[in-house]
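Following: one structure in structure tokens, then a few remarks.
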Amino acid sequence: METPPVSPVGEKDASPPQRPWEQDSRGNLASATQIRLQPPEPPTQSLQLGLSPDPASRRVEHPRGTPTQLAGPEGGSDASPGSPSEAPEPLRAPDLWRCPDGSFVKKIITRGRGLDKPKLGSRCRVLACGFPLGSGPPEGWTELTIGMGPWREEAWGELVEKCLESMCQGEEAELRLPGHSGPPAGLTLASFTPGRDSWQLQVSEKEALAREERARGTELFRAGNPEGAARCYGRALRLLLTLPPPGPPERTALHANLAACQLLLGQPQLAVQSCNRALEREPGHLKALYRRGVAQAALGNLEKASADLKKVLAVDPKNRAAHEELEKVVNREKKQKAGLAQGLRKMFG
């Protein structure tokens with residue numbers, strides 16, 4: 001609002017005479033204008049807060065990683081008129097992480113610090129709880145080294161290792177295990193030592209680690225533990241797959257050995273895939289041909305099974321196992337043809 005001009009001293013005011021009530025209102029308006037033009041003094045409370053911060057108003061880091069503010073004294077309110085007394089917490093997407101191979105789902109309860117995660121050789125201090133008996137690490141605190149140690153051969157070893165490799169220091173998570181309808185298991189990564197990514201290893205180091213994994217896998221296979229052996233063979237292959245092509249010849253034998261484990265574990269489709277990879281590298285690999293023939297027979301692909309087994313016998317006529325499997329396939333083919341013929345007679349007879 002504009003204020004009326006003030007006449008200079010000694011100059012006669014040419015404006016018409018004013019009534020008393022108008023003079024009072026003009027005087028009040030001038031006073032208000034002077035007050036508004038004066039620079040405002042900083043509030044006492046703001047100065048005090050700047051010199052001596054109130055501990056109750058300090059911002060703290062929420063355990064989930066979202067900044068929040070501690071509540072002040074009970075009964076106090078800092079909300080401005082017309083706004084809610086408490087601002088709603090911003091919506092966040094669920095803190096879920098699904099393992100790419102579908103082996104488990106991780107729900108983050110407390111976010112970890114930083115961006116680093118355990119790598120090969122990292123020694124991790126871990127707190128485990130709530131795992132089904134025999135399917136997880138021992139209850140309580142334990143130390144596990146990524147990529148090393150007999151703990152990886154346990155049924156729970158691969159799952160826990162995958163989970164740890166996705167966690168940051170201080171992270172607490174719940175794991176939903178496939179086929180387990182009970183409460184989720186808990187895993188906390190308290191700390192870990194620095195490790196190395198596979199790409200940081202020298203070629204000779206990768207090959208040495210792969211040989212160790214293959215040897216351990218063979219020991220487990222002979223001891224009647226195809227599941228543990230499959231994990232060892234799989235880890236060895238992952239190491240060698242990072243090498244420049246064509247890679248070491250051990251890859252062919254590893255694929256064939258993995259197929260043998262998959263057959264014993266009742267996974268014929270995976271066994272066919274493993275044999276295919278072995279035969280891509282070495283088309284005449286007899287063990288891969290034989291195991292693919294057995295896997296095809298288990299899948300009901302009798303013609304493909306017969307073709308693979310005949311290739312084995314063409315090279316090794318005295319292969320007893322191939323003779324027995326081929327005989328089984330031939331008998332199944334005869335039964336299928338007989339059943340088909342009988343069905344046709346009933347249909348057209």
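For the numbers below, each heavy atom of this structure counts, side chains included, while hydrogens, waters and symmetry mates do not. The structure displayed is predicted, hence computed values, not measured ones.
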Could you give the side-chain donor-acceptor pairs of residues 299-311 under 3.5 Å, partners two or more places apart or in another chain?
residue, atom, partner, partner atom, Å
N301, ND2, Q296, OE1, 2.7
D308, OD1, R292, NH2, 2.9
D308, OD2, R292, NE, 2.9

Enumerate, atom names and distances included, each donor-acceptor pair closer than 3.5 Å involving a side-chain atom of residues 313-323, sequence neighbours excluded.
residue, atom, partner, partner atom, Å
N319, OD1, A321, N, 3.3
N319, OD1, A322, N, 3.0
R320, NE, E324, OE2, 3.3
H323, NE2, P317, O, 2.7

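E325 and K328 are joined by a salt bridge, as a carboxylate oxygen and a charged side-chain nitrogen come within less than 4.0 angstrom of each other.
Hydrophobic cluster of L120: the remaining members, joined at side-chain heavy-atom separations below 4.5 Å, are L201, L209, L239, listed by chain and number. Counting side-chain heavy-atom gaps under 4.5 Å among Ile, Leu, Val, Met, Phe, Trp and Tyr, the cluster of L264 also holds V203, F221, Y233, L237, L240, L243, L254, L258.
Side-chain contact between T188 and E171 is absent, with no heavy-atom pair separated by less than 4.5 Å. C232 is not listed as a side-chain neighbour of R214, based on a closest heavy-atom distance of 4.5 Å or more. Counting heavy atoms from C-beta on, the side chains of R216 and E212 never come closer than 4.5 Å. Put simply, the side chain of D116 reaches to within 4.5 Å of the side chain of F192, judged on heavy atoms. Looking only at side-chain heavy atoms (C-beta outward), P118 and L189 come within less than 4.5 Å of each other. Here the side chains of L270 and V272 are not in contact, with every heavy-atom distance at 4.5 Å or above. Residues L175 and V105 form no side-chain contact, since every pair of their non-hydrogen atoms from C-beta on lies 4.5 Å or further apart. Looking at heavy atoms from C-beta onward, E327 lies in side-chain contact with N331 at the 4.5 angstrom threshold.
Residue K106 holds its NZ atom at 5.5 Å from SG of C163, rounded to the nearest 0.5 Å. Atoms CG and CD1, from L187 and I109 in turn, are 12.0 Å apart once rounded to the nearest 0.5 Å. Atom CD of Q169 is separated from atom CZ of R125 by 12.5 Å, given to the nearest 0.5 angstrom. Atom CD1 in I146 sits 5.0 Å away from atom CD in E161 (nearest 0.5 Å). The OG1 atom of T193 sits 9.0 Å away from the CD atom of E143 when rounded to the nearest 0.5 Å. Annotation: the span from C275 atom SG to E280 atom CD amounts to 11.5 Å, rounded to 0.5 Å.
Around NZ of K287, the count of heavy atoms belonging to other residues, nucleotides or ligands within 6.0 Å does not exceed 12. Taking a 6.0 Å sphere around CD of Q200, one finds it holds more than 12 heavy atoms contributed by other residues, nucleotides or ligands.
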Trace of the salt bridge (Lys or Arg N to Asp or Glu O under 4.0 Å) decision for R196 with E205 | CA-CA 12 Å; R196 291 190 295 173; E205 292 178 303; 3.2 Å; yes
Does the side chain to side chain contact (heavy atoms under 4.5 Å, CB included) test come out yes or no for I108 and R111, once each step is laid out?
-> CA-CA 6 Å; I108 301 175; R111 288 195 173 277; 3.8 Å; yes
Apply the test side chain to side chain donor-acceptor pair (under 3.5 Å) to residues K117 and S166: give CA-CA distance (whole Å), side-chain angles for both, the deciding distance (0.1 Å), then the verdict.
-> CA-CA 6 Å; K117 296 177 175 63; S166 72; over 6 Å; no
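For E139 (side chain) and G130 (main-chain N/O), a donor-acceptor pair under 3.5 Å exists by modelled atom type. Side-chain atoms of R98 do not come within 3.5 Å of backbone N or O of S103 as any donor-acceptor pair. Looking only at distances, no side-chain donor or acceptor of R123 sits under 3.5 Å from a matching main-chain atom of P194. A donor-acceptor distance shorter than 3.5 angstrom exists from the side chain of R152 to the backbone of G147, with no hydrogens or angles considered. The backbone N or O of T145 lies less than 3.5 Å from a partner atom in the side chain of W151, making a donor-acceptor pair.
Hydrophobic clustering keeps M148 apart from L164 (ILVMFWY residues linked when any side-chain heavy atoms are closer than 4.5 Å, directly or through intermediates). Criterion: ILVMFWY side-chain heavy atoms under 4.5 Å apart, direct or through other members. Under it, L144 and L127 are not part of a common hydrophobic cluster.
Q262 and S274 form a side-chain donor-acceptor contact under 3.5 Å, judged by distance and modelled atom types alone.
By the ring pair (Phe, Tyr, Trp, His ring centres under 6.0 Å) test, W141 pairs with no residue at all, sequence neighbours left out. The salt bridge (charged side-chain N to carboxylate O under 4.0 Å, His left out) test applied to E250 returns no partner, not counting sequence neighbours.
Using a 30° and 60° split on the angle between ring planes, W97 and F104 fall in the tilted class, from 30° to 60°.
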